[in-house]
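Note on naming: letters A, B, ... go to the chains in the order of the sequence lines (proteins, then strands), and numbering restarts at 1 for each one.
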2 protein chains.
Amino acid sequence: MKEGLRERTRRAVRAELAKVAVDLFTRQGFDETTVEDIARAAGMTKRSFFRYFPTKEDVVFDGIDLTGESVVADIAARPAGEGPWECLHQVLQAWQEEVHASEQALATIRLIEATPALAGRLHQRRTEWRRRVSDALRDRPGTDLDPYTADLLTNAATAVLDAVSSQWARSDGNADRPALLDQGFNQVHVDPSPRQV
Amino acid sequence: MKEGLRERTRRAVRAELAKVAVDLFTRQGFDETTVEDIARAAGMTKRSFFRYFPTKEDVVFDGIDLTGESVVADIAARPAGEGPWECLHQVLQAWQEEVHASEQALATIRLIEATPALAGRLHQRRTEWRRRVSDALRDRPGTDLDPYTADLLTNAATAVLDAVSSQWARSDGNADRPALLDQGFNQVHVDPSPRQV
DNA sequence: CGCGATCTGTCACTTGGTGACATGATAGTC
DNA sequence: GACTATCATGTCACCAAGTGACAGATCGCG
């Protein structure tokens, strides 16, 4: 066995906990649900819950790849000649499609966007995520970006992402997210080399 | 009397509380400082502290205009022919200069950027702020922006702001923030009208 | 001066989160 | 199949952030 049985069960418990938690949150709200509620619904103690997740917020982010493991890898795998902005466009389009394919992930996204506390946590996670994406951009062969420009690119990309989410929320979830993302990436441009001021 | 004495003293107490709090936070850290520490240092009870600020985080944002009162007003006051992106550029440049003029405000900014919990709160505040800025952009005479494009503009502007902060932190506070902001606004472009995809 | 609104302290309580300890289950070894 | 070290869990005690309720002090204002 490549991975021990212990790790597998641990992962299963985490997933179960996440599922139960998102379910309770969407039904009765984030603040109205106590950690003990979640724990008992999953058949354990409050103390045990915190052995799987450091905070009440973190349980929500279990299913979604926000640490950017896959995103960073995808960036490195893009063709060398491609400009950094187009690279981000393609990678994030793929990421968004992947996330929205799962009904579970979709519900999670909805929950996060509707709960200020979770939106804050998402931002915190994205801060680390952005640093890694920024580094990944700079590590691409053939490109020579200074740190500031790399940050501009990465931050602008999340700016588009946020605008898409807002518009999507405005349309009560009926908007075409991929199309919005394309439009956003076409309306925003980032010079890959610094300009004179 | 335009404003009652009561409101004035209340404001003074708030300011005093904010000052004491930022001082303690910078000296011994945010998490290591309890609300009771702040309250006692200001000569009151923990309970009374919460009658002035809803949370421990909020006390930090007292001095800084993040609700965008002045920013929104400044946007409305810009010349009518000016493009929305240039408008944001000028207004935020002015805002940044104003904030960084005060030593107290500068210390606060530094504290926020160094404390994840406060950075999260800043983001939450900015979410409301962005909506108001977005609306202000659309209300400008002579411009006809759809909500999505207005969001793109606003989010892109905060993207620049964040990149400036990161670069500034990287340089240990020695970087020239106004110059960085100009450079950022020159490197990033936002089409004020949707493009075909 | 006196009335009513506001501010304050005190007490009790809920909830998120942590440390310490004991106990029970289990994986791998002989 | 028994043994042991490891890991998960429950229990208990604790701290800190908030919140509601009540009582008394204070103070603006007519």
**Q** Under 4.0 Å, heavy atoms only, any strand: does A:T33 hit a base, just the sugar-phosphate, or nothing?
**A**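 Result for A:T33 = sugar-phosphate.
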**Q** If I take atom CG in residue B:L17 and atom P in nucleotide C:dC7, what distance separates them, rounded to the nearest angstrom?
**A** 14 Å
**Q** Please report the distance, rounded to the nearest Å, between CD in B:E36 and C1' in C:dC11.
**A**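 Spelled out: CD on B:E36 to C1' on C:dC11 is 13 Å.
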**Q** Could you go through A:R121 and A:V60, starting from their C-alpha distance and side-chain angles, then the distance that decides it, and tell me whether this counts as side chain to side chain contact (heavy atoms under 4.5 Å, CB included)?
**A** CA-CA 10 Å; A:R121 199 76 182 180; A:V60 168; over 6 Å; no
**Q** Over the length of the helix from C:dC1-D:dG30 to C:dA27-D:dT4, how much do the five-pair end axes diverge, rounded to 10 degrees?
**A**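 Here the local axes at opposite ends form an angle of 20°.
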**Q** Could you pick out which residue, B:M44 or A:F50, lies toward the 5' side of DNA chain C when each is mapped onto its nearest nucleotide?
**A**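 Result of the comparison: B:M44.
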**Q** Hey, is the side chain of A:R47 pairing donor to acceptor with the base of C:dG16 inside 3.5 Å?
**A** no
**Q** How many whole angstroms separate atom CG of A:L24 from atom P of C:dT15?
**A**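 Rounding to the nearest Å, CG of A:L24 and P of C:dT15 are 14 Å apart.
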**Q** Check whether any side-chain N or O of B:T34 sits under 4.0 Å from OP1 or OP2 of D:dA17, and answer yes or no.
**A** yes
**Q** Within a strict 4.5 Å, meaning less than it, do heavy atoms of the A:Q90 and A:E82 side chains meet?
**A**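 Result yes, sub-4.5 Å side-chain heavy-atom pair found.
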**Q** Rounded to the nearest Å, what distance is computed from the CG atom of residue B:D37 to the P atom of nucleotide D:dC15?
**A**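 In whole Å, D:dC15 P and B:D37 CG are 14 Å from each other.
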**Q** Do the side chain of A:R51 and the base of C:dG17 come within less than 3.5 angstrom through a donor-acceptor pair of N or O atoms?
**A** no
**Q** Distance check needed: C:dT14 C1' versus A:K46 NZ, whole Å only.
**A**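 Whole-Å distance recorded here is 10 Å.
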**Q** How many whole angstroms separate atom CZ of B:R10 from atom P of C:dA5?
**A**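 Answer to the nearest Å: 17 Å.
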**Q** For B:S48 and C:dG9, is the shortest distance between a side-chain N/O and OP1 or OP2 below 4.0 Å?
**A** yes
**Q** Rounded to the Å, how far apart are B:F53 CZ and D:dA17 C1'?
**A**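 About 16 Å, once rounded to whole Å.
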**Q** Side chain to side chain contact (heavy atoms under 4.5 Å, CB included) for B:T127 and B:R131? Distances and angles first, verdict last.
**A** CA-CA 7 Å; B:T127 300; B:R131 202 183 56 240; over 6 Å; no
**Q** Determine whether any donor atom in the side chain of A:K56 lies under 3.5 Å from an acceptor atom in the base of C:dG17, or the reverse, and answer yes or no.
**A**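 Flag unset: no donor-acceptor pair detected.
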**Q** Charged N to carboxylate O below 4.0 Å: is that the case for A:D151 and B:R170?
**A**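 A salt bridge is present here (some side-chain N lies under 4.0 Å from a carboxylate O).
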**Q** Find the distance B:F49:CZ to C:dC7:C1' and express it as a whole number of Å.
**A**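 So the CZ-C1' distance, B:F49 to C:dC7, works out to 17 Å.
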**Q** Return the orientation label for the A:W168 and A:H100 ring planes: parallel under 30°, perpendicular over 60°, tilted otherwise.
**A**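 Taking A:H100 first and then A:W168, their aromatic rings stand perpendicular (interplane angle over 60°).
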**Q** Would the distance check show the side chain of B:R14 and the main-chain N or O of B:Y52 forming a donor-acceptor pair, the cut-off being under 3.5 Å?
**A**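 Yes, the answer is positive, given that a donor and an acceptor are paired below the 3.5 Å cut-off.
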**Q** Below 4.0 angstrom from OP1 or OP2 of D:dA8, is there any side-chain N or O of A:Y52?
**A** no
**Q** Pairing donors with acceptors under 3.5 angstrom, does anything connect the side chains of B:T149 and B:D146?
**A**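 Side chains of B:T149 and B:D146: pair found under 3.5 Å.
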